[in-house]
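Beneath this line is the structure, given in structure tokens, with notes to follow.
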Amino acid sequence: MTNGWLRLGCIGVLVLMLSGCKVELYSELSEAEANQMLALLLLRNIDASKEITKGGLVTIKVDKTQFINAVELLRQEGLPRKKIATLEDLFPSGQLVTSPVQEHAKIIYLKEQQLEKMLQAMDGVIIAQVSIGEGISQNPRELPKPSASVFIKYSPERNLLNRETAIKSLIFNSVPNLLSENISIVLQAADYRYQPLPEPSGSSDAPHAWLDHNRLPIMFLLVALAVLILAIMVGKWIRSRRP
């Protein structure tokens with residue numbers, strides 16, 4: 001009987017130690033993107049794990065005390081990525097015939113999406129937005145001169161200012177009849193709000209800081225020990241009552 005109570009106490013310890021420590025960070029992720037996010041979090045010593053849900057999608061969970069840093073770290077890397085529209089999304093099979101104007105608008109939008117995808121593949125890019133404007137020509141014999149506006153928000157850990165020429169060349173070569181002077185590029189560094197865990201110091205405030213940072217695990221450990229002690233005491237009491 002005592003062994004049964006001890007087993008129950010140990011199970012209670014494990015449950016209390018493992019439950020309530022992690023919260024959901026992102027859900028409904030593809031496995032490839034979830035692995036990329038998980039690897040980045042673990043490289044920065046953030047306690048994270050993944051769970052595969054129905055349909056093969058993945059949920060990322062992190063320690064509750066590291067939630068803010070996890071969000072900011074992934075934001076600096078532009079994760080999770082914005083969903084990009086594909087050709088199948090804009091032109092699904094079985095769709096009714098649309099007007100030439102609508103077809104042209106869809107093609108322009110698809111071109112913008114393709115350019116955003118290429119820009120987001122660059123290291124350090126958090127957000128990439130591309131807008132292609134159709135010019136108006138007064139002469140029917142001349143082709144309208146399009147314009148392109150590009151906005152990029154990048155991680156402060158990367159220097160994308162020296163890549164502006166390459167970005168402009170990418171846009172120039174992707175849009176027909178686009179003139180170089182009609183390309184506008186804005187690069188903005190994101191605010192860096194990720195705060196690495198402080199190094200332990202010898203000051204008198206160090207124990208208080210450690211206790212404050214680890215208050216949840218300590219609380220669960222104390223509760224678990226109380227459950228285990230109670231289980232042992234109940235087991236001894238039951239054994240003493242045996243004839």
Side-chain angles (χ1 to χ4, degrees), residues 14-92 109-130 150-163 166-167 170-171 174 187-199 213-217 220-221:
L14 292 175
V15 171
L16 289 172
M17 289 288 289
L18 297 177
S19 64
C21 295
K22 289 186 178 180
V23 295
E24 183 176 303
L25 184 64
Y26 288 105
S27 60
E28 298 184 358
L29 302 168
S30 66
E31 188 168 4
E33 188 171 36
N35 288 338
Q36 183 181 4
M37 295 166 65
L38 184 62
L40 182 61
L41 293 170
L42 295 177
L43 281 174
R44 292 298 184 94
N45 298 320
I46 293 179
D47 186 11
S49 60
K50 69 175 183 178
E51 293 181 2
I52 299 178
T53 59
K54 293 181 179 179
L57 299 178
V58 182
T59 296
I60 295 290
K61 291 186 175 183
V62 297
D63 188 277
K64 187 182 296 184
T65 60
Q66 298 175 307
F67 180 83
I68 296 177
N69 269 355
V71 171
E72 283 304 307
L73 176 61
L74 294 177
R75 186 182 72 90
Q76 298 297 340
E77 297 295 330
L79 296 170
R81 297 292 184 188
K82 170 189 171 184
K83 186 179 183 299
I84 301 296
T86 63
L87 189 63
E88 290 76 15
D89 296 330
L90 297 179
F91 299 96
Y109 179 72
L110 184 62
K111 175 66 68 176
E112 293 173 346
Q113 294 283 285
Q114 290 173 340
L115 288 171
E116 289 178 3
K117 184 178 181 179
M118 286 190 288
L119 292 174
Q120 287 178 353
M122 299 175 62
D123 290 339
V125 173
I126 299 174
I127 298 174
Q129 295 179 344
V130 178
V150 181
F151 172 75
I152 294 177
K153 180 175 284 189
Y154 61 94
S155 171
E157 292 185 339
R158 307 281 183 173
N159 182 17
L160 258 66
L161 295 177
N162 57 4
R163 305 294 300 275
I167 294 171
L170 175 67
I171 301 298
S174 301
L187 300 173
Q188 178 183 338
D191 294 332
Y192 191 74
R193 297 194 292 261
Y194 172 76
Q195 297 181 354
L197 295 177
E199 295 292 335
H213 180 72
N214 297 280
R215 61 184 182 276
L216 285 178
F220 284 118
L221 179 60

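These numbers were taken from a predicted model, which means no experiment stands behind them.
- Panel note: side chain Gln66, backbone Asn45; a donor-acceptor pair is recorded below 3.5 Å.
- With a 4.5 Å cut-off on side-chain heavy atoms, Glu157 and Glu77 count as touching.
- Taking the side chain as every heavy atom from C-beta outward, Leu187 and Ile167 approach each other to under 4.5 Å.
- With rounding to the nearest 0.5 Å, the separation of CG in Asn69 from CG in Leu41 is 10.0 Å.
- Side-chain contact between Ser174 and Gln114: absent, with no pair of heavy atoms (C-beta onward) separated by less than 4.5 Å.
- When all heavy atoms of Ala48 and Val62 are compared, the closest pair comes out as CB-CG1, 3.8 Å.
- Looking only at distances, no side-chain donor or acceptor of Lys22 sits under 3.5 Å from a matching main-chain atom of Asp47.
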Apply salt bridge (Lys or Arg N to Asp or Glu O under 4.0 Å) to Lys61 and Glu51, showing your working. CA-CA 8 Å; Lys61 291 186 175 183; Glu51 293 181 2; 3.4 Å; yes
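- You'll find the side chain of Lys50 reaches within 4.5 Å of the side chain of Asn35, heavy atoms only.
- For Gln188, the CD atom sits in a packed shell: over 12 heavy atoms of surrounding residues, nucleotides or ligands are nearer than 6.0 Å.
- One distance of note links CD1 of Ile60 with CD of Glu33; it measures 9.5 Å at 0.5 Å rounding.
- Put simply, the side chain of Ile46 does not reach to within 4.5 Å of the side chain of Asp63, judged on heavy atoms.
- The minimum heavy-atom distance between Arg81 and Ile126, with the atom names listed, is NH1-O, 4.4 Å.
- Residues Ser27 and Thr53 are not in side-chain contact: their nearest non-hydrogen atoms beyond the backbone lie 4.5 Å or more apart.
- Atom CG of residue Leu73 and atom CD1 of residue Ile68 lie 13.5 Å apart, to the nearest 0.5 angstrom.
- In terms of heavy-atom proximity, Phe67 sits nearest to Leu25 at CE1-CD1, 3.6 Å.
- Judged by distance alone, with hydrogens and angles left aside, the side-chain atoms of Gln76 form no donor-acceptor pair with the main-chain N or O of Ser155 at under 3.5 Å.
- No donor-acceptor pair closer than 3.5 Å links the side chain of Glu24 to the backbone N or O of Thr59.
- For the atom pair CD1 of Ile152 and CG of Leu119, the computed distance is 4.5 Å after rounding to the nearest 0.5 Å.
- Considering all non-hydrogen atoms of both residues, Val125 and Ala128 come closest at CG1-CB, 4.1 Å.
- Between the NZ atom in Lys111 and the CD atom in Glu116 there is a gap of 13.0 Å [rounded to 0.5 Å].
- Considering CG of Leu74 and CD of Glu72, their distance stands at 9.5 Å, rounded to 0.5 Å.
- The side chain to side chain contact (heavy atoms under 4.5 Å, CB included) with Val150 is formed by just one residue from the set Leu170, Leu115, Ile171; it is Ile171.
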